[in-house]
Colleague: 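My structure is below; once you've seen it, I'll send some questions.
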Amino acid sequence: MTASTTGVVFDGQRLWRSLEATFEIGRSSDGGVSRLALSDAEKQMRDRFVGSCEESGLTVSVDTVGNIFARREGTEPQLAPVLVGSHLDSQVAAGPFDGPLGVFAGLEIARALDDAGIATRRPIEIVSWTNEEGPRFAPPMMGSGAFARVLDEATVLATRDPDGISVGEELDRIGYRGATPCGGRDVDSYFELHIEQSPSLDRSGCDVGIVSGGYPAQYLKVTITGETAHSGPTPMAERRNALVSGGRIAVAIDDVGRAHAPDGKTTSTGIDVWPNRPGIIPSLVELRADLRHPDAAELERMVCEAEAACARAAEHDGVSVRCERTHAFGGVSFDEGLIALLEEEAGRLGARSVRLLSQAGHDAYNLLAVCPAAMIFCPCIEGRSHNPREDVDPARLAASVGVMLNSVLRRAQA
Ligand SMILES: [Zn+2]
């Protein structure tokens, strides 16, 4: 049992057991987990979470885009609830903590309040957002986006994966298209605990990261059109090879990130090639990339440099290149009142905390559109994430869970 300054204790071992019980779900041959949104593995995660919530006496509801809410009633049920949560879906070659940590830590908070016999004025709802990661259905942070009306619900439900299956069809198949309307209700505040995903917190020696905001990020889609021709007889000088141009642009985008390092980050994340067969010069390539920088003006410069590289490649390779700005997120600041509350509670717990920016996307960004929101990071070992070797030191987890528990309790009593 771990003590907290308000006299409420939470059970760190119980939280760890809840997480451990999910480690085998969606286990992949690389030793990590793959729980793509609305897949069978993610349904198992949902079922496990819902079952645990119901065992704990929470009232579970599911909204029309599959977001799950487990409600611990308040003494004044008409008050807007405090939301605590994260996501249960994962990337393709992922670790087991990115997302589930925040969801099951929320459940542990509810259990700890039960153990202490504490009734809060406001209801507390533990939430799991649909499709935070986005590798199957784009864009990421979809469920929270629909809830906060940042994304259009009908568009979300009609979004198809690369196999042509829609979000709505998959919600029906796994039994998680709920009846509760998505969003459109008052929320007091939102708290999210998450692993940090960069090495900075782990290396800082601090156990609690208070997230002040998030890097702005810009996704790009680059479409390159060349011309098919025989891979043998066609003279080198007359080729319009879209794949070669795609490679050139991928390298150039990487160079943009290196030129703006350490704060600037660029990643070519995927490429599709057509016809992608032996004996024929590829005529069509779609390259996807994301660019990030804590300073929005600097990010804009990076995007312009990437666009200029596309134009140079078009010229050099005799192909046509269209570079589109697709999804953008981040560039947000979390609520100063909640940040101050988290820092105060960290101080009361004697935990060393540090303010930092998130370099990843999170549902909490969307929640800012409807309520004050804040995030707490715990260190993950070496900052490895979206990687089968992602890991967390349970001994360094207690501080961040304690800070969240106390902050949620203060807010729910306010
Ligand atoms: Zn995550």
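Order of listing sets the numbers, starting from 1, for every ligand and every atom in it.
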Colleague: From His87, does some N, O or S atom reach closer than 2.8 Å to the Zn ion (ligand 1)?
Modeller: yes
Colleague: Going from OH on Tyr365 to OG on Ser144, what distance comes out if it is rounded to the nearest 0.5 angstrom?
Modeller: 11.5 Å
Colleague: Show the nearest heavy-atom pair for residues Val103 and Phe49, with the distance to one decimal.
Modeller: CG1-CE1, 3.4 Å
Colleague: How close do Thr64 and Arg177 get, counting heavy atoms only, and between which atoms?
Modeller: O-CG, 3.7 Å
Colleague: Hey, does the Lys NZ or Arg CZ of Arg46 hover above the aromatic six-ring of Tyr176, less than 6.0 Å from the centre and inside 45° of the axis?
Modeller: yes
Colleague: What N/O/S atom of Asp98 gets nearest to the Zn ion (ligand 1)?
Modeller: OD1
Colleague: Determine which of the N, O or S atoms in His194 is closest to the Zn ion (ligand 1) and give its atom name.
Modeller: NE2
